[in-house]
Amino acid sequence: MNQQNKTPSSQQVDALIVGAGFAGLYMLHLLRDKLGLKVATIESASGVGGTWYWNNYPGARCDIASHHYSFSFSKELQQEWVWSEKYAAQDEILRYLEYVAKRFDLSKDIQFNCRVKSAAFDESSDRWLVTTDRGERYSAKYFIPAVGTLSSANIPVFKDQESFQGDTYFTGNWPNEGVDFKGKRVAIIGTGATAIQVIPEVAKQAAHLTVFQRTPNYAAPLQNEVLTEAEDQQLKANYDQLREASWNSFAGVPFPKLKGSALDDTQEQRLAHYEELWQDGGFSLWIGSYQDILYDKAANETLADFIRTKIRQRVHDPKIAEMLCPPKGQTYGTKRQPCETGYFETYNRDNVTLVDIKRSAIKEFTSTGLRTSDQHYEFDSLIYATGYDAFTGSLFKMDITGRGGLPLQSHWAKGARTYLGLSAAGFPNMFTITGPQSPSVLFNMPLAIEMHCEWIADCIAYINGRGLATIEAQATSEDDWLAETKQIADATLLPEASSWYMGANIPGKPRVFLVYLGGGQQYKEIIEKVAADDYSGFRLS
Ligand code: NA7
């Protein structure tokens, strides 16, 4: 009997998790090993890692320091793993997650190379019925998408795109075996955080690289460095203090040099402060310079101007430097600040061309390249570094339906709405890890994930312990949380930018601010209080 004729198997599980990145792995560990539940995990890749599995493009690297960007739940794990660089590269983080999976024996409960096709809440049984592309069926009391916030590709549509005969790549789905660009004419569309990592690496290999830029970016140096084993040990000797400082910080990473208003300092003091933080690297300028950088336009402009000066100093051709400088009026940091290593110097190379597609737009693709309103560009390979349908894209691909068969897309037709970023009204027993309107991408992700996974596990223990069937956000709680996140975001400059935080990078996507900006510390207190108040704002049955 061949596979297709087999009757689809049906499995009863307590919880079904989707995804085996940081979130899926920890959720599985907690539910299976701490709560003793029967758990199935579905993962579309052939291995664990999530984002760090797929984003293996050249230059891929984390811009949160390694000792922060890692699990804190196991002190033994923290001590065992040795980080070799201040900011880990993709392959090291992937090896770390493979190690975690092995250490906690997680892979045996993960089904790889498998995708969820549909997930429907069945009101007659109060269970989630989940089907996969391999024909399996699951019946689960709890449904937990751990699919990541930046995992659904945004590939823009251009006229005659399919006529291009060369190779095309998307950074977030890079071939496992890598790509050899030696001797190739390569083009890249996009100059966001990802492109800013790829461009210097590809430029070193390719015969020629053409960069199609729509919006210049305020990138700041990562200042990565190799860590000796002694440095790694030294950091790990103080892990308790390091983690405590992280949990008590706004972004899940402490930035102790943060000052009050940028406008209270003299120009000289400001420049000295910016210079110091520029040397510190990473997100020091973005999160750790002055408290009003993301709130006050005049304060913001002082830092924007500092970065423009740096760009002009680093790029030899003044015309190219101006193309790379975000213009006055484009606020700094309202789109995520990319971190770079030799990005601006890359434009001093003879084999790199920068094309401003805001000035001369891409008109159409041809078999050998693409044509802008100015000229035709020929290349052998094309890289899309065009970002993601953040937060909602991967959830929508799973055909999730809640009470009354309501698709999640319909519930979120005017934009994603959740209670606490964890739960949506009408979708009982479904929990989103780092979902819309939680701190997620503006908090150190592994810690944001731990915060959510632990809250979800406690909640499930509570429900099961009391013999309850379901927990679900009340519609009014969702309204209130949406209003609260909007109010906090509106006090900042962030909603003005066309960023993926707003859903503004996807044509037609409703604009709703998708991140809770009150800070991780405050958020943690809120969700812990909700739990302590017997899950206030939820309906339990
Ligand atoms: P981003 O930050 O969304 O950047 C995408 C880039 O692609 C950006 O430069 C966009 O220009 C450009 N883009 C998108 N659509 C188009 C079209 N239609 N035409 C031309 N250019 C386009 O994604 P990244 O992958 O760089 O980073 C995402 C996150 O991943 C990052 O913040 C980290 O958290 C990890 P635009 O600025 O929209 O003009």
Side-chain angles (χ1 to χ4, degrees), residues 21-22 50-52 54-57 59-64 69 87 90 93 148-159 161 169-174 187-199 210-220 222 251-252 282-283 286-287 323-324 326-327 330-340 343 354-365 370 372-373 377 382-391 393-394 434 439-446 448 494 497-509 511 514-515:
F22 270 97
T51 290
W52 299 103
W54 295 107
N55 280 268
N56 59 341
Y57 58 83
R61 185 177 292 284
C62 188
D63 34 28
I64 302 270
Y69 194 87
Y87 296 94
Q90 171 270 334
I93 302 176
T149 45
L150 295 157
S151 48
S152 182
N154 167 40
I155 309 275
V157 177
F158 297 103
K159 184 168 176 271
Q161 200 163 16
Y169 304 97
F170 174 66
T171 49
N173 188 7
W174 202 258
I188 183 164
I189 300 180
T191 50
T194 298
I196 283 173
Q197 292 186 331
V198 183
I199 286 166
T210 307
V211 178
F212 293 98
Q213 170 187 274
R214 189 166 66 179
T215 312
N217 248 309
Y218 292 103
L222 185 63
F283 289 145
W286 190 34
I287 314 282
M323 284 164 77
L324 290 165
Q330 183 181 324
T331 45
Y332 159 83
T334 51
K335 283 184 176 178
R336 181 183 177 286
Q337 180 214 271
C339 296
E340 52 87 25
Y343 175 66
L354 179 64
V355 181
D356 178 353
I357 51 172
K358 203 164 245 169
R359 202 179 56 79
S360 43
I362 297 174
K363 290 289 174 206
E364 60 185 1
F365 275 52
L370 66 76
T372 67
S373 49
Y377 294 88
L382 172 63
I383 301 170
Y384 289 100
T386 41
Y388 298 88
D389 184 355
F391 291 93
S394 295
T434 62
S440 66
V441 291
L442 287 171
F443 197 74
N444 177 12
M445 260 296 186
L494 272 74
S498 294
S499 70
W500 52 263
Y501 298 145
M502 281 295 285
N505 63 327
I506 304 294
K509 187 166 174 172
R511 294 197 179 199
L514 293 163
V515 187

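These numbers come from a predicted model, not from an experiment. Indexing begins at 1, ligand by ligand and atom by atom, following the structure's order.
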Given side chains that start at C-beta, do those of Leu324 and Tyr343 come closer than 4.5 Å, heavy atoms only? yes
With heavy-atom distances below 4.0 Å as the criterion, list the atoms of ligand 1 near Gly387. 3 (O), 5 (C), 23 (O), 25 (O)
Where is the tightest heavy-atom contact between Ala497 and Met502, given as atom of each residue plus distance? O-CG, 3.9 Å
Which of the atoms in ligand 1, numbered in the order shown and given with their element, are less than 4.0 Å from a heavy-atom of Ile357? 20 (C)
Quick check: does Asn505 get an N/O under 3.5 Å from an N/O on ligand 1? no
How many angstroms lie between atom CD1 of Ile199 and atom CD1 of Ile188, to the nearest 0.5 angstrom? 4.5 Å
Please determine whether any non-hydrogen atom of Val441 lies less than 4.0 Å from an atom of ligand 1. no
Report yes if some N/O of Leu150 lies less than 3.5 Å from some N/O of ligand 1; otherwise report no. no
Element-labelled atoms of ligand 1 that are located less than 4.0 Å from some non-hydrogen atom of Ile189: 20 (C), 21 (N)
Which residue and non-hydrogen atom of the protein lie closest to atom 9 (O) of ligand 1, and at what distance in Å? Thr191 N, 2.8 Å
To the closest 0.5 Å, what do you measure between OG1 (Thr215) and CD (Gln330)? 6.0 Å
Protein heavy-atom partner closest to atom 26 (O) of ligand 1 - residue, atom, separation in Å: Thr194 N, 2.9 Å
Short list, please: which atoms of ligand 1 are under 4.0 Å from a heavy atom of Pro156? 15 (N), 16 (C), 17 (C), 18 (N)
Hey, is the main chain of Pro156 close enough, under 3.5 Å, to the side chain of Gln161 for a donor-acceptor pair? yes
List the closest protein heavy-atom neighbour of atom 4 (O) of ligand 1: residue, atom name, distance to the nearest 0.1 Å. Gly192 CA, 3.6 Å
In ligand 1, which numbered atoms sit nearer than 4.0 Å to a non-hydrogen atom of Ala385? 5 (C), 6 (C), 7 (O)
Taking the ring centre of each residue, are Tyr169 and Tyr57 less than 6.0 Å apart? no
With side-chain hydrogen bond (donor to acceptor under 3.5 Å, both in side chains) as the test, pick out the partner of Gln337 among Trp286, Tyr218, Tyr332. Tyr332
In the protein, what heavy atom is nearest to atom 3 (O) of ligand 1, and what distance, to one decimal place, separates them? Trp500 CD1, 3.4 Å
I need the nearest protein heavy-atom contact for atom 36 (P) of ligand 1: residue, atom name and distance, please. Thr215 OG1, 3.4 Å
So do the side chains of Ile93 and Phe22 get within less than 4.5 Å of each other, counting heavy atoms only? yes
Please check whether Asn217 reaches ligand 1 - meaning an N/O of the residue sits under 3.5 Å from an N/O of the ligand, judged on distance alone. no
Does Tyr384 have a non-hydrogen atom less than 4.0 Å from ligand 1? no
Hey, which atoms in ligand 1 end up nearer than 4.0 Å to a heavy atom of Gly190? 6 (C), 7 (O), 9 (O), 12 (C)
Of all residues at least two apart in sequence or in a different chain, which pass the side-chain hydrogen bond (donor to acceptor under 3.5 Å, both in side chains) check with Trp52? Tyr69
Under 3.5 Å between any N/O of Ala195 and any N/O of ligand 1: does that happen in this structure? no
Are any non-hydrogen side-chain atoms of Phe391 and Val515 less than 4.5 angstrom apart? yes
Of the backbone atoms (N, CA, C, O) and the side-chain heavy atoms from C-beta on, which set of Phe170 has a member under 4.0 Å from an atom of ligand 1: side chain, backbone, both, or neither? neither
Point-to-point distance, once rounded to the nearest 0.5 Å, from OG1 of Thr386 to CZ of Phe212: 13.5 Å
Would a 4.5 Å heavy-atom cut-off, applied to side chains only, mark Ile383 and Trp174 as touching? yes
Closest approach of any protein heavy atom to atom 34 (O) of ligand 1, naming residue and atom: Arg336 NE, 3.0 Å
Considering only heavy atoms, which of Arg214, Gln337, Met445, Lys335 lies nearest to atom 37 (O) of ligand 1? Lys335
Below 4.0 Å from ligand 1: does a non-hydrogen atom of Gln213 turn up there or not? no
Check side chain to side chain contact (heavy atoms under 4.5 Å, CB included) between Ala251 and all other residues, then give those that pass, not counting sequence neighbours. Ile287
Is the closest side-chain donor-acceptor distance between Ser394 and Ser151 under 3.5 Å? yes
Taking only non-hydrogen atoms of Tyr388 and a 4.0 Å limit, the atoms of ligand 1 in range are 25 (O)
Logged contact type for Lys358 with ligand 1, heavy-atom cut-off 4.0 Å, is neither
